[in-house]
Amino acid sequence: RKGNVIITGASSGLGLATAKALADTGEWHVIMACRNFLKAEKSAKSVGIAKENYTVMHLDLSSLESVRQFVDTFKRSGRPLDALVCNAAIYLPTAKEPTYTAEGFELSVGTNHLGHFLLSRLLLDDLQKSDYPQKRLIIVGSITGNTNTLAGNVPPKANLGDLRGLAGGLNGLNSSAMIDGGEFDGAKAYKDSKVCNMLTMQEFHRRYHEETGVTFSSLYPGCIATTGLFREHIPLFRLLFPPFQKYITKGYVSEEEAGKRLAQVVSDSSLTKSGVYWSWNKNSASFENQLSQEASDAEKARKLWEVSEKLVGLA
Ligand code: NDP
């Protein structure tokens with residue numbers, strides 16, 4: 001049978017390119033988990049994904065209620081689940097004030113981390129039950145959260161501190177809207193959320209790899225400077241960022257190439273090792289990359305897991 005893969009945020013950018021790459025192999029049925037149903041349908045058509053190779057299902061990660069509904073609907077569909085790709089994200093670098101999810105968490109961390117945390121926890125038993133030879137859970141990371149890299153050292157740097165803002169509910173009322181309890185900064189909130197994604201992947205690996213046989217991975221696909229992720233940025237940035245990445249840092253990858261990379265992490269038989277943060281070198285060969293000290297801090301990962309469980313209502 002075909003494999004079934006859920007990809008969040010498959011209506012644009014990396015998620016769409018990955019959906020296309022997997023669907024085109026003829027070996028995968030892609031469940032596009034998207035907040036905008038019509039946009040997802042149009043996107044699938046526009047890149048030519050064959051009708052029989054995808055299903056759009058509604059998921060708004062900025063609402064835990066929507067996450068639970070999505071999981072119920074998916075379970076009732078009776079489809080086995082063989083791979084889950086947590087890809088969707090928002091980036092609000094110019095926001096002056098925090099905005100919030102339905103449950104009142106700062107929007108970047110609430111969507112990118114907490115929404116995906118609940119989704120992947122609720123779907124883990126489906127992955128475990130699948131009889132597919134290789135079951136995988138992938139959480140897309142980023143270089144920007146990694147302070148051991150040049151890109152990760154552009155201020156404001158990611159820093160989760162002692163998680164006091166998160167533990168306080170990240171609601172800007174009786175706690176800060178930032179994980180570390182500091183002043184709101186939209187660019188930092190995104191980077192912090194990516195550190196959470198990478199810590200969560202490793203904590204999943206420690207807690208569940210042996211027991212479930214599921215492979216847990218994260219990756220940095222390269223700088224895909226053309227995606228919608230930068231839609232909130234100032235126009236001059238949006239104009240200069242792609243050529244800067246192409247010619248100066250040379251970290252630029254096309255959406256198509258990045259989609260092929262993520263598709264490898266989903267299905268390539270050589271990328272089965274669990275607990276790995278994948279990157280690609282200049283010749284587009286994959287390698288196991290190192291994470292920054294904070295993004296590989298096991299104690300922080302455990303604490304983040306426990307605080308997140310409380311916030312999403314799992315503990
Ligand atoms: P895009 O903005 O193109 O794609 C993000 C997707 O997430 C969109 O489909 C968007 O939906 C969806 N999304 C946003 N909010 C929600 C929500 N509340 N519920 C459901 N879906 C939502 O950006 P990219 O393709 O660049 O980003 C994809 C991933 O790649 C992210 O995890 C990002 O951190 C990561 N990444 C990107 C890099 C880059 O250079 N672009 C580099 C490193 C990592 P909609 O289509 O409706 O807007």
Side-chain angles (χ1 to χ4, degrees), residues 6-20 31-44 46-47 56-67 69-70 85-93 99-103 105-116 118-119 138-146 149 151-152 158 187 189-198 200-201 218-233 237-238 241-242 244-246 249 251-259 261-262 265 277-280 289:
I6 294 176
I7 305 178
T8 68
S11 47
S12 73
L14 177 60
L16 180 61
T18 307
K20 165 83 176 153
I31 293 101
M32 301 173 69
C34 298
R35 62 178 167 177
N36 184 333
F37 200 95
L38 249 183
K39 180 179 175 185
E41 277 290 347
K42 283 184 187 157
S43 301
S46 74
V47 297
V56 177
M57 279 177 62
H58 184 259
L59 168 66
D60 181 351
L61 287 157
S62 69
S63 154
L64 298 179
E65 189 53 42
S66 171
V67 172
Q69 264 176 27
F70 171 86
V85 179
C86 297
N87 158 79
I90 48 154
Y91 174 48
L92 307 167
T99 44
Y100 298 94
T101 66
E103 286 79 14
F105 308 122
E106 186 282 317
L107 195 61
S108 325
V109 172
T111 304
N112 307 353
H113 167 57
L114 292 170
H116 278 135
L118 180 61
L119 179 73
I138 296 146
I139 309 178
V140 177
S142 179
I143 200 170
T144 56
N146 272 314
T149 63
Y190 169 80
K191 294 179 188 181
D192 288 351
S193 77
K194 290 280 113 184
V195 173
C196 293
N197 287 155
M198 294 180 281
T200 301
M201 178 280 286
S218 186
L219 70 152
Y220 172 61
C223 183
I224 331 159
T226 51
T227 71
L229 195 66
F230 307 101
R231 62 172 84 75
E232 300 292 335
H233 226 300
F237 176 89
R238 282 187 276 131
F241 191 52
F244 174 74
Q245 292 295 346
K246 250 183 219 165
T249 70
Y252 175 89
V253 286
S254 66
E255 295 183 24
E256 194 189 358
E257 171 61 21
R261 291 177 177 182
L262 178 45
V265 183
Y277 167 64
W278 297 102
S279 296
W280 284 258
N289 206 347

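We count ligands from 1, going down the list as the structure has it; atoms in each ligand are counted the same way. Side chains are part of it too, since the values below use all heavy atoms of this structure and drop only hydrogens, waters and symmetry mates.
In terms of the side chain to side chain contact (heavy atoms under 4.5 Å, CB included) criterion, residue partners of Ser43 (sequence neighbours excluded) are, by chain and number, Ser11, Leu16, Lys39. Evaluation of the ring-ring contact (aromatic ring centres under 6.0 Å, His included) rule for His233 yields Phe237 as partners, not counting sequence neighbours.
If you look at Arg231 next to ligand 1, the close heavy atoms, those under 4.0 Å, all belong to the side chain. Both the backbone and the side chain of Asp60 come within 4.0 Å of ligand 1, counting heavy atoms alone.
Using modelled atom types, one side-chain atom of His58 and one backbone atom of Arg35 make a donor-acceptor pair closer than 3.5 Å. A distance-only check finds a donor-acceptor pair linking the side chain of Thr8 to the backbone of Asn87 [under 3.5 Å]. A distance-only check finds a donor-acceptor pair linking the side chain of Asn197 to the backbone of Asn112 [under 3.5 Å]. At distances below 3.5 Å, at least one donor-acceptor pair connects side-chain atoms of Glu103 with backbone N or O atoms of Leu64. Side-chain atoms of Lys194 do not come within 3.5 Å of backbone N or O of Ser142 as any donor-acceptor pair.
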Verdict with supporting geometry, Ser12 and Arg231, side-chain contact (heavy atoms from CB on, under 4.5 Å): CA-CA 12 Å; Ser12 73; Arg231 62 172 84 75; 4.3 Å; yes

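Atoms of ligand 1 found under 4.0 Å from any heavy atom of Ile90, numbered from 1 in the order shown, are 14 (C), 15 (N). Listed by number with element, the atoms of ligand 1 under 4.0 angstrom from any heavy atom of Ser62 are 18 (N). Interface of Lys194 with ligand 1, defined as ligand atoms under 4.0 Å from a residue heavy atom, comprises 31 (C), 32 (O), 33 (C), 34 (O). Within the listing of ligand 1, atoms 45 (P), 46 (O), 48 (O) sit less than 4.0 angstrom from a heavy atom of Lys39. Proximity to Gly13 (heavy-atom distance under 4.0 Å) selects the following atoms of ligand 1: 3 (O), 25 (O). Those atoms of ligand 1 that come under 4.0 Å of a heavy atom in Ser11, given as number and element, are 9 (O), 11 (O), 45 (P), 46 (O), 47 (O). Within the listing of ligand 1, atoms 6 (C), 7 (O), 9 (O), 12 (C) sit less than 4.0 angstrom from a heavy atom of Gly9. Atom numbering of ligand 1 starts at 1 in the shown order; those under 4.0 Å from a heavy atom of Cys223 are 40 (O).
Here the closest non-hydrogen pair linking Lys191 and Ala158 is CB-CB, 3.8 Å. Taking all atoms of both residues into account, the shortest heavy-atom contact from Val140 to Leu262 is CG2-CD2, 4.1 Å. Summarising the geometry of Pro221 relative to Leu14, their closest heavy-atom pair is CG-CD2, 3.9 Å, with the distance given to 0.1 Å.
Between Phe230 and Phe241, the gap from one ring centroid to the other is short of 6.0 Å.
What sits closest to atom 36 (N) of ligand 1 on the protein, heavy atoms only, is Tyr190 OH, 4.0 Å. Looking at atom 20 (C) of ligand 1, its nearest protein heavy atom turns out to be Leu59 O, 3.3 Å. The closest protein non-hydrogen atom to atom 24 (P) of ligand 1 is Thr227 OG1, 3.4 Å. Counting protein heavy atoms only, atom 47 (O) of ligand 1 is closest to Arg35 NE, 3.0 Å. In this structure, atom 8 (C) of ligand 1 lies nearest to the protein heavy atom Ser12 OG, 3.4 Å. Closest to atom 27 (O) of ligand 1 among all protein heavy atoms lies Leu229 CD1, 4.2 Å. If you check which protein heavy atom lies closest to atom 44 (C) of ligand 1, you get Gly141 O, 3.3 Å. The protein heavy-atom contact nearest to atom 25 (O) of ligand 1 is Leu14 N, 2.8 Å.
Tyr190 and Tyr91 have tilted rings, their planes meeting at an angle from 30° to 60° on a 0 to 90° scale.
Residue Ile224 has at least one nitrogen or oxygen atom sitting less than 3.5 Å from a nitrogen or oxygen atom of ligand 1, judged on distance alone. Taking any N or O of Gly15, backbone or side chain, none lies under 3.5 Å from an N or O belonging to ligand 1. The shortest N/O to N/O separation between Pro221 and ligand 1 does not fall below 3.5 Å. For the pair Thr111 and ligand 1, the shortest N or O to N or O distance does not fall below 3.5 Å.
Nearest to atom 31 (C) of ligand 1 by heavy-atom distance, out of Ile7, Asn87, Val140, is Asn87.
Within the structure, ligand 1 lacks Tyr91 among the residues with a heavy atom less than 4.0 angstrom away. Contact annotation: Ser66 has no heavy atom less than 4.0 Å from any atom of ligand 1.
For Thr227 and Glu255, the side-chain atoms include no donor-acceptor pair closer than 3.5 Å. Ser66 and Asp60 share no side-chain donor-acceptor pair at under 3.5 Å.
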